[in-house]
Amino acid sequence: MTVTPQALPLDATLYEAARVMRDEGIGDVLVTYAGRLCGVVTDRDIVVRAVAESRDTSLTPLGDVCTADLTTVRPEDDTTTAARLMSEQAVRRLPVVDAMYRPVGIVSIGDLAVANGETGPLHAISKAPPNN
């Protein structure tokens, strides 16, 4: 899992999220309200739900385009649980939340490939540094 995931408040703009993604070399930002997870926005969300709809990214809040119906895991859940949920829900990332629903991490498909010691292209791609 990636610890201390990048998160922004619900009223932050898409522009702010895009800058965080660029600066951190990531493809998603968790969205919070009062410190609790309430959504996730991905680079694809910004393109499909905002840019393609001619929304002003410097004015559009994350709450307008983020995915709010989330599947999450707890820190004590194992990789088998995470993989099962990813498969069942057809998602590539799972936010990790504590008992108060505060984000403490995020698990990606790449994290699972590395954690399980798999070989092959997914493992190699996951270990490679991001290309900015």
Side-chain angles (χ1 to χ4, degrees):
M1 133 178 129
T2 300
V3 295
T4 61
Q6 295 297 311
L8 290 170
L10 190 62
D11 60 352
T13 65
L14 295 174
Y15 173 76
E16 292 172 272
R19 290 196 50 137
V20 167
M21 289 180 205
R22 180 200 65 194
D23 294 349
E24 298 296 324
I26 56 176
D28 60 273
V29 172
L30 299 179
V31 181
T32 60
Y33 179 76
R36 293 190 172 142
L37 182 67
C38 65
V40 65
V41 66
T42 66
D43 47 6
R44 186 175 191 284
D45 292 332
I46 293 172
V47 171
V48 173
R49 297 178 184 172
V51 175
E53 299 294 328
S54 297
R55 292 181 186 231
D56 186 337
T57 59
S58 64
L59 298 175
T60 304
L62 297 179
D64 285 3
V65 299
C66 73
T67 300
D69 184 23
L70 299 176
T71 301
T72 62
V73 290
R74 301 288 183 137
E76 61 272 11
D77 289 333
D78 60 15
T79 57
T80 303
T81 300
R84 179 182 52 77
L85 287 170
M86 284 180 177
S87 176
E88 289 173 359
Q89 300 299 315
V91 295
R92 296 177 179 185
R93 303 169 182 96
L94 289 175
V96 181
V97 295
D98 66 13
M100 299 295 295
Y101 219 66
R102 293 178 301 230
V104 297
I106 192 160
V107 177
S108 70
I109 289 176
D111 293 331
L112 293 180
V114 172
N116 292 332
E118 296 176 15
T119 58
L122 184 54
H123 179 78
I125 292 167
S126 298
K127 295 293 283 182
N131 60 354
N132 297 330

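- Contact record, Gly39 with Cys66: CA-SG, 4.2 Å, taken as the closest heavy-atom pair.
- One hydrophobic cluster holds both Met1 and Leu85 under the rule that ILVMFWY side chains link at heavy-atom gaps under 4.5 Å.
- By the rule that hydrophobic residues join a cluster once side-chain heavy atoms approach within less than 4.5 Å of another member, Leu14 and Leu59 end up as members of separate clusters.
- No continuous path of ILVMFWY side-chain contacts below 4.5 Å connects Val47 to Tyr15, so the two sit in separate hydrophobic clusters.
- Thr2 has its side chain out of reach of Ser108: every pair of non-hydrogen atoms, C-beta onward, lies at least 4.5 Å apart.
- Closest non-hydrogen pair, Asp64 versus Arg55, comes out as CB-NH1, 3.4 Å.
- Using a distance-only test at 3.5 Å, with no hydrogens or angles considered, a donor-acceptor pair links the side chain of Thr60 to the main chain of Asp56.
- Residues Leu62 and Thr13 fail the side-chain proximity criterion, which asks for heavy atoms closer than 4.5 Å.
- Closest non-hydrogen pair, Val104 versus Pro5, comes out as C-CD, 3.7 Å.
- Counting only heavy atoms from C-beta outward, the side chains of Met21 and Ile46 approach each other to under 4.5 Å.
- By the 4.5 Å heavy-atom criterion applied to side chains, Arg49 and Thr67 are counted as neighbours.
- Tyr101 OH: more than 12 foreign heavy atoms inside a 6.0 Å radius.
- Grouping the Ile, Leu, Val, Met, Phe, Trp and Tyr side chains by contacts below 4.5 angstrom, directly or via other members, places Val40 apart from Val51.
- Under the 4.5 Å side-chain heavy-atom criterion for grouping Ile, Leu, Val, Met, Phe, Trp and Tyr, Val91 is not connected to Leu30 through any hydrophobic cluster.
- Each salt bridge (charged side-chain N to carboxylate O under 4.0 Å, His left out) pair with one or both residues in residues 25-35, not counting sequence neighbours, appears once here: Asp28-Arg93.
- Rounded to the nearest 0.5 angstrom, Thr32 OG1 and Arg102 CZ are separated by 12.0 Å.
- Val65 is not listed as a side-chain neighbour of Glu53, based on a closest heavy-atom distance of 4.5 Å or more.
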I would like to know whether Leu94 and Gln89 meet side-chain contact (heavy atoms from CB on, under 4.5 Å); could you show each step before the answer? CA-CA 10 Å; Leu94 289 175; Gln89 300 299 315; over 6 Å; no

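- Within a 6.0 Å radius of CZ in Arg92, other residues, nucleotides and ligands contribute 12 heavy atoms or fewer.
- At a threshold of 4.5 Å between non-hydrogen side-chain atoms, the residues Pro95 and Thr72 count as touching.
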